[in-house]
Amino acid sequence: MVDGCASTEAGVLDPANSAYVLETLRAAANGCLQGDFDGMVTAPVHKGVINEAGIAFSGHTEFLQELCGVERVVMMLATEDLRVALVTTHLPLKDVSAAITPERLSQVTRILNADLKAFFGLEQPRILVAGLNPHAGEGGHLGREEIETIEPTLEQLRLKAYS
């Protein structure tokens, strides 16, 4: 049970509830970390309202990363037949390209590969990587991230996997 919720009205956002909302996330995450819970399901939260309350917050993913004290977390959207993992999370679109670094792409791919094996029972996961730019950059005509960052990083990961 988490205390501290201000009065609420359906459909009305209130920055006074921001600390309460984050405390519910913290309590659920700590329950998972301590083995009291097997999983955690969250609903969307309004990042803008939390920030209006004076609390720097970009999203659940980063909040849980900090709470768990890990270097990188991976956001995955999953259905029974499809799993989509994101290399970047909660960034303005103008910052996404710079955030796709070889280090980040490698970390996310390695975490994804390990977790697909450990948590989804896939012995040899097949990971496909979408291009950042339209048509994967069209050979550099619509962006060079695929040529300069994504393809070389994936090639290095393939070489390490088969050596």
Side-chain angles (χ1 to χ4, degrees), residues 1-122 125 127-134 136-137 142-143 145-146 149-150 153:
M1 179 78 161
V2 175
D3 294 323
C5 183
S7 63
T8 60
E9 181 182 338
V12 177
L13 301 173
D14 186 352
N17 283 319
S18 297
Y20 169 79
V21 168
L22 294 180
E23 191 53 38
T24 63
L25 291 175
R26 186 176 288 107
N30 284 331
C32 290
L33 291 169
Q34 294 165 4
D36 297 331
F37 309 143
D38 292 326
M40 175 178 167
V41 177
T42 65
V45 298
H46 196 292
K47 296 159 194 66
V49 171
I50 294 171
N51 281 280
E52 286 173 19
I55 303 168
F57 182 80
S58 59
H60 297 75
T61 309
E62 299 80 7
F63 179 81
L64 294 171
Q65 177 179 346
E66 185 176 323
L67 183 69
C68 295
V70 296
E71 182 180 352
R72 176 82 50 224
V73 292
V74 177
M75 181 189 303
M76 178 189 286
L77 310 163
T79 68
E80 191 164 321
D81 297 323
L82 178 67
R83 292 152 196 97
V84 177
L86 307 177
V87 175
T88 64
T89 58
H90 302 114
L91 294 173
L93 191 53
K94 68 178 183 61
D95 297 337
V96 170
S97 177
I100 299 177
T101 63
E103 296 77 23
R104 183 182 291 231
L105 182 56
S106 294
Q107 280 181 322
V108 169
T109 304
R110 283 195 298 274
I111 291 168
L112 177 61
N113 186 59
D115 287 357
L116 287 170
K117 291 176 181 178
F119 301 114
F120 291 88
L122 300 175
I127 299 172
L128 305 176
V129 178
L132 172 66
N133 295 296
L142 295 175
E145 289 84 356
E146 289 79 11
T149 303
I150 297 171
T153 301

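Since the model is a prediction, treat every value here as computed from it, not as a measurement. One-based numbering along the sequence shown.
Of all heavy-atom pairs spanning Gln107 and Glu71, the tightest one is NE2-OE2, 2.9 Å. Minimum heavy-atom separation, Val49 to Asp14: CG1-C, 3.8 Å. The two residues Leu22 and Phe57 have their closest heavy-atom pair at CD2-CE1, 3.4 Å. Closest approach of Asn17 to Ser7, counting heavy atoms only: ND2-O, 3.9 Å. Of all non-hydrogen atoms in Asn113 and Pro125, the two that sit nearest each other are OD1-CG, 3.5 Å. Summarising the geometry of Leu142 relative to Pro134, their closest heavy-atom pair is CD1-O, 3.6 Å, with the distance given to 0.1 Å.
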Check your understanding: Is there a side chain to side chain contact (heavy atoms under 4.5 Å, CB included) between Val96 and Ile100 once you walk through the steps?
Key -> CA-CA 7 Å; Val96 170; Ile100 299 177; 4.0 Å; yes
Practice item. Could you go through the side chain to side chain contact (heavy atoms under 4.5 Å, CB included) check for Ile150 and Leu132 one step at a time? Key: CA-CA 9 Å; Ile150 297 171; Leu132 172 66; 4.1 Å; yes
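For the pair Glu145 (side chain) and Asn133 (backbone), a donor-acceptor distance under 3.5 Å is absent.
From Met75, atom CE reaches atom CD of Glu62 across 6.5 Å, with rounding to the nearest 0.5 Å. One distance of note links CZ of Arg83 with CG of Asp115; it measures 12.0 Å at 0.5 Å rounding. To the nearest 0.5 Å, atoms OG1 (Thr89) and CZ (Arg72) are separated by 8.0 Å. To the nearest 0.5 angstrom, Leu64 atom CG is 7.5 Å from Thr42 atom OG1. A distance of 5.0 Å separates OG1 of Thr153 from CG of Leu105, quoted to the nearest 0.5 Å. Expressed to the nearest 0.5 Å, how far NE2 of His46 lies from CD of Glu52 amounts to 7.0 Å.
With respect to Met76, the side chain to side chain contact (heavy atoms under 4.5 Å, CB included) criterion is satisfied by exactly one of Leu116, Val108, Ile111: Leu116.
The number of heavy atoms from other shown groups lying within 6.0 Å of CG (Leu93) does not exceed 12. In this structure, Glu66 places its CD atom where only 12 or fewer heavy-atom neighbours from other residues, nucleotides or ligands lie under 6.0 Å away.
Sorted by first then second residue, the salt bridge (Lys or Arg N to Asp or Glu O under 4.0 Å) pairs that include residues 26-39, not counting sequence neighbours, are Glu23-Arg26.
Scored by the side chain to side chain contact (heavy atoms under 4.5 Å, CB included) test, Ala114 finds no partners at all (sequence neighbours excluded).
Side-chain contact between Arg104 and Thr88 is present, with heavy atoms from C-beta onward closer than 4.5 Å. Between Thr109 and Leu112 the shortest side-chain heavy-atom distance does not fall below 4.5 Å.
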